[in-house]
Enquirer: 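One structure, as C-alpha cells, below. Some questions next.
We count ligands from 1, going down the list as the structure has it; atoms in each ligand are counted the same way.
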Amino acid sequence: MISGTVTDASGRILSGQTVSAFWNSVRHAKPLSMGLNCAMGAALMRPYAEELAKIADTYICVYPNAGLPNPMSETGFDEEPHDTSNLLTEFAESGFINIAGGCCGTTPAHIKAVAEQIKNISPRKIPTQDTFTRLAGLEPLTIKEDTLFINVGERTNVTGSKAFARLIIEEKFEEAVSVARQQVENGAQVIDINMDEGMLDSLQAMQYFLNLIASEPDIARIPIMLDSSKWDVIEAGLKCVQGKAIVNSISLKEGDELFLEHARLCLNYGAAVIVMAFDEKGQADTYERKIEICKRAYNTLINELDFPPEDIIFDPNIFAVATGIEEHNNYAVDFIEATKWIKQNLPHAKISGGVSNVSFSFRGNDIAREAIHTVFLHHAIKAGLTMGIVNAG
Ligand code: THG
C-alpha cells in the first residue's frame with residue numbers, strides 16, 4: 001500500500017511531485033492500493049483524491065487527519081467523528097475510494113463513525129486506463145497517439161557538448177545546471193544526461209549532477225533520460241531520480257541474457273527504456289537489419305518479461321549522411337523507413353533518435369546542419385518519430 005501526503009494547497013507531495021507524477025513514478029510496483037493520508041484533512045484533500053481516483057488502476061485508500069491541525073484546540077484537531085465520517089462518506093459516494101481510515105487527530109470514535117456510515121456504499125470501480133507512455137519528473141508527461149513530437153535536450157552531454165564537458169570537468173556546477181535550465185527554457189520536454197568522459201568518474205558525476213538538478217523545480221519538473229554506455233552509471237542514476245525516467249540505453253549487443261537482466265532492472269526501478277538497434281553482430285545500418293533487431297527485442301521483452309510495450313522506445317540508429325562513403329548516403333532514409341515499420345508493426349512502442357548525428361559531416365557549419373535537421377525531422381515525424389534528442393533551442 002502506497003500513500004502520499006499533499007502538505008499544502010500547491011497540490012504536491014513534500015518532494016515536489018503532483019499526485020499524477022507520483023502515481024506514474026510508483027505504478028510499476030503494482031501496489032495493492034494508492035492513496036493519500038494525513039495533511040490538511042479530508043475537505044482540502046478532495047481534489048487530489050479525485051485526481052488519483054481517475055488515473056490509478058488500483059484500489060484507492062484515503063485516511064485523512066481530523067481536519068487541519070489546530071494548536072489552539074484541546075485535541076489539536078477540530079473535526080468531531082461525524083465531521084470526518086460525513087466527508088469520507090461524500091468521497092465514497094463520489095466513487096473516489098475503496099479503503100477509508102483516519103490519521104492524526106482521529107480516534108476510535110472517528111473510525112467507528114466512518115465504518116458505520118460508509119459500510120453500505122459500493123466501493124469505487126477500478127478504471128481501465130489507455131495504454132499511454134506515462135513518464136514523470138515533478139510533473140507528469142503523457143505520450144498519447146496524437147501527442148506532438150517531443151524534444152529531448154541534448155546539451156547536458158559531456159560527449160555532445162564541449163562547453164558542458166568543460167563545466168563538469170572544471171566542477172563549475174552552477175553553470176552546468178544552467179545548461180540544463182536553458183534546455184528546458186528552450187522547449188526541451190525531457191533532458192538527456194550523459195557523463196561518459198574519460199577524465200571523469202562518470203558514476204559520481206552522474207549522481208552529483210542529478211542530485212543538484214533535483215532541487216531545481218524548473219528543471220526537475222520534466223523527466224530525465226539517463227544516457228550512458230555503462231550500466232552501473234545508469235543504475236546509479238536510477239537510484240537518484242524521483243520521477244519515471246528513460247534509460248538510454250539497453251540493447252542485444254551482448255545477447256539476450258544481459259539485455260533481459262538490464263530490462264528487468266528497468267522494470268524494478270520503474271523506467272521506460274530506449275532499445276538501440278544493436279545486436280551481437282553490431283549496429284543495424286540497413287532497413288532490414290533495423291527492423292529485424294527491433295522485432296526481436298520487442299518479442300523478447302514482451303514474451304520473457306511482460307514488459308509494458310508503451311515503455312519501449314526504439315532507436316533505429318541515426319547515422320551521419322554525406323560522409324563521402326557511398327554506403328552512408330541512405331542512412332537517413334533507412335531510419336525513417338524503419339520508424340514507419342516500427343510504428344505499424346510493434347504496437348504501443350515509441351521511436352527516438354539522436355537527430356544531430358545525421359549532420360556530423362557538416363560540423364562547424366551550423367546553418368547547413370540546422371537545415372538538414374529540419375528536413376530530416378519533417379519526414380521522420382511524419383513517419384512516426386515520437387521523440388528526438390536535439391538541441392532544443
Ligand atoms: N541515440 C541515443 N542516444 C544518443 C544518441 C543517439 N546520445 C548521444 C547522441 N546520440 C545524441 N546527442 C548528441 C549531442 C550533441 C551532438 C550530437 C548528438 C552534436 N554536438 C555538436 C558537435 O559535436 O558538433 C556540438 C559541438 C559543441 O557544442 O561542442 O552534434 O543517437 N539513444
Enquirer: Quick one: do E50 and R46 make a salt bridge, cutoff under 4.0 Å?
Expert: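 Yes.
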
Enquirer: Under a strict 4.0 Å criterion on non-hydrogen atoms, which protein residues are in contact with ligand 1?
Expert: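 Only E154, R155, N157, G160, S161, K162, D227, N248, I274, M276, D315, G354, S356, N357, F360, R363, R369, I389 have heavy atoms that fall under 4.0 Å of ligand 1, ordered by chain and number.
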
Enquirer: State whether R124 and E93 are salt-bridged, where the test is any N-O pair (Lys NZ or Arg NE/NH1/NH2 against Asp/Glu carboxylate O) under 4.0 Å.
Expert: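 The answer is no: the pair does not qualify as a salt bridge.
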
Enquirer: So that I can tick it off, tell me whether R181 and E216 are bridged by a salt bridge, with the cut-off set at under 4.0 angstrom between side-chain N and carboxylate O.
Expert: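 Looking at E216 and R181, the cut-off is met.
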
Enquirer: Could you work out, with ring-ring contact (aromatic ring centres under 6.0 Å, His included) as the rule, every residue matching H262, not counting sequence neighbours?
Expert: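 Only W231 meet the ring-ring contact (aromatic ring centres under 6.0 Å, His included) criterion with H262.
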
Enquirer: What about F319 and F360, are their ring centers closer than 6.0 Å?
Expert: no

Enquirer: Please confirm whether Y331 and F376 have ring centers closer than 6.0 angstrom.
Expert: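 No, they do not, as the ring centres are separated by 6.0 Å or more.
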
